[in-house]
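Basis for what follows: all heavy atoms, side chains included, without hydrogens, waters or symmetry-related copies. Worth saying up front: this structure is predicted, and the values here are computed from it rather than measured.
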Amino acid sequence: MSLFFLLLVIVGLAAAGFFAGRIRAVASAGGDARNLHSLPGYYGWHVSLMVLVPSILTLCAWLLIQPVVINSQISGMISQDAIAKSSLDLVLSDVRRVADGLDLAVSSGVMTDEQARSIRTELTDVRGRLGDIGVALGSDVSSETLRAAQSYRELASAGNTLRTLLVLLVAFGGLAYAVLSTNKDFRARNRVEHIVMGMLVCAASIAILTTAGIFFSLVFNTVEFFKLYPAADFFFGMTWSPSFHGGSSLGIVPLLWATFYISIIALSVAVPIGLFAAIYLSEYASPTVRSVAKPLLEVLAGIPTIVYGLFALLTVGPALVSLFGEGGAFGLNWMQGGTAVVTAGLVMGIMIIPFMSSLSDDIINAVPQSLRDGSLGLGATHSETVRKVILPAALPGIVGAFLLSASRAVGETMIVVMGAGAAAKFSLNPFEAMTTVTAKIVSQLTGDADFASPEALVAFALGMTLFVITLGLNIIALYIVRKYREQYE
């Protein structure tokens, strides 16, 4: 049974259990629902949850464990010579692709299941036959890889069968237990609320565990990097010159300089425009104008960053060259190409405008109306009220929005990759190409470099540094908002 149909069966059992639970509860009360401890619906939901929750948890655990078990079994079939030529992960990836190709060939009718189990590379061009049905393989399939793929198929098929039986057994067991335990004195509402509370706690824990997983993966690989490269040279080095043939200089200072330089330009664009837009929309715009202008402004937040990168590369960069480049409208020769700090900074600022505007708008609207009424009642004009009452009251929140916008600018990648260039250097000239921490993370993990080399592991050290910087900005923003925010009755 496929995974989709297995889920349908579980949902069907849960739906049937809902009605079975209600019927049994009312029957146990002599047909009078008033004699029940809880409303009839709670009894139905209890049965449904007892079917869904254990079976779904069992299914998720099986889906996580089965690939690990199969890979450990298949790893024993791979010779050391094959591993030495590439790596175990690459060999296992080839095995999975061949196994998936055989499954596709069987499902499409090109092969029978018996042929897929007995096919041999000595007698058949496996790569060619799989290529005919759209399975692209990078190299010829060796007999060892084919045997491992066939074993992989058998183990996966057996695992899927056991998975279906176990999940259905758990679902039917939960159904039987819940129905049999249903009676008029059963505290169904309490049990359902406890189960739902547990589900909510688990859902909230996913975000925390994900953050912890990201953090520890960065930490472990960063430690490995500093075992190979001195930390002092990394944090205080003034040259960024990676070389996969040895003799690399991996100083982060020029990358941090470009990161903060581009972020400052972006914030100088986004903060005033976003703040003024928020003041206008919250204090001066009519409801009709606000209902149209605010959604239009926030559309910018939904544009993918790759689109902003293309905009920087194809539109903003050439436009700046036509103004500040050689033979440009101003007769200057400041800009040699479209990729530059100012290009990425301007486009990044446009991207951050809705972020700054939305946060500031919410903060300004949170200022109590009584402050506005009191100021106007004392004879102040609307503009004076905005300048001397509303903005000072909202200032802590606006500062927090500024710091959150700064962390967003520091962590941007695609606009920098496509608009700022790839040169790691110090310069005060905003019309020169530079590169940032995020751009170098992309470049260091791109290609066929040895993952154990410092030139590849440095990406994790860069990511850890950026993680600490953005985390610090977020903590400062939250501290300012909580410490200086005035509480109004």
**Student:** Would you say N365's side chain and D361's backbone share a donor-acceptor pair under 3.5 angstrom?
**Tutor:**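 Between the backbone of D361 and the side chain of N365 there is a qualifying donor-acceptor contact (under 3.5 Å).
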**Student:** Which donor-acceptor pairs under 3.5 Å do side chains of residues 168-178 form with protein atoms, sequence neighbours excluded?
**Tutor:**
none

**Student:** Could you grab the distance from atom CG of L297 to atom OG of S358, nearest 0.5 Å is fine?
**Tutor:**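 So the gap between those two atoms works out to 6.5 Å.
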**Student:** As an exercise, state the distance from CD1 of I390 to CD of Q369, rounded to the nearest 0.5 Å.
**Tutor:**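 If I round to the nearest 0.5 Å, the distance is 8.0 Å.
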**Student:** Taking T222 for the side chain and L218 for the main chain, is one N or O donor matched with an acceptor at less than 3.5 Å?
**Tutor:**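 Side chain of T222 to backbone of L218: a pair is present.
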**Student:** Nearest 0.5 angstrom please: K440 NZ to L250 CG, how far?
**Tutor:**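 So the gap between those two atoms works out to 10.5 Å.
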**Student:** Quick one: pull up CG in L59 and CD1 in I10 and give me the separation to the nearest 0.5 Å.
**Tutor:**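 With rounding to 0.5 Å, CG (L59) is 6.0 Å from CD1 (I10).
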**Student:** Would you say the ring centers of F226 and F235 fall short of 6.0 Å from each other?
**Tutor:**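 For F226 and F235, the ring centres are under 6.0 Å apart.
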**Student:** What are the two closest non-hydrogen atoms of G397 and I363, and how far apart are they?
**Tutor:**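 Shortest heavy-atom contact: O-CD1, 2.9 Å.
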**Student:** State, yes or no, whether a side-chain contact exists between T438 and E412 at a heavy-atom distance under 4.5 Å.
**Tutor:**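 With C-beta onward as the side chain, the pair stays apart.
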**Student:** For residues 25-37, tabulate all N or O donor-acceptor pairs below 3.5 Å that involve a side-chain atom, not counting sequence neighbours.
**Tutor:**
from : atom 1 : to   : atom 2 : distance (Å)
S28  : OG     : R24  : O      : 3.4
S28  : OG     : A25  : O      : 2.6
S28  : OG     : K184 : N      : 3.0
D32  : OD1    : R34  : N      : 3.1
D32  : OD1    : R34  : NE     : 3.1
D32  : OD2    : R34  : NE     : 3.4
D32  : OD2    : R34  : NH2    : 3.1
N35  : ND2    : A29  : O      : 3.3
H37  : NE2    : R187 : NH1    : 3.1

**Student:** side-chain hydrogen bond (donor to acceptor under 3.5 Å, both in side chains), that's the test. Do S286 and T288 meet it? Break it down for me.
**Tutor:** CA-CA 5 Å; S286 65; T288 302; 4.8 Å; no
**Student:** Below 3.5 Å, can you tabulate the donor-acceptor pairs from side chains in residues 467-477 to any protein atom, sequence neighbours excluded?
**Tutor:**
from : atom 1 : to   : atom 2 : distance (Å)
T470 : OG1    : L466 : O      : 3.0
T470 : OG1    : F467 : O      : 3.1
N474 : OD1    : S407 : OG     : 3.3
N474 : ND2    : T470 : O      : 3.3

**Student:** Do the non-hydrogen side-chain atoms of M351 and I303 ever get within less than 4.5 Å of each other?
**Tutor:**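 Contact flag for M351/I303 side chains = no.
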**Student:** Please confirm whether F234 and F225 have ring centers closer than 6.0 angstrom.
**Tutor:**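 Between F225 and F234, which both carry aromatic rings, the centre distance is below 6.0 Å.
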**Student:** From I364 CD1 over to E283 CD, what is the distance, rounded to the nearest 0.5 angstrom?
**Tutor:**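 Rounded to the nearest 0.5 Å, the CD1-CD separation comes to 6.5 Å.
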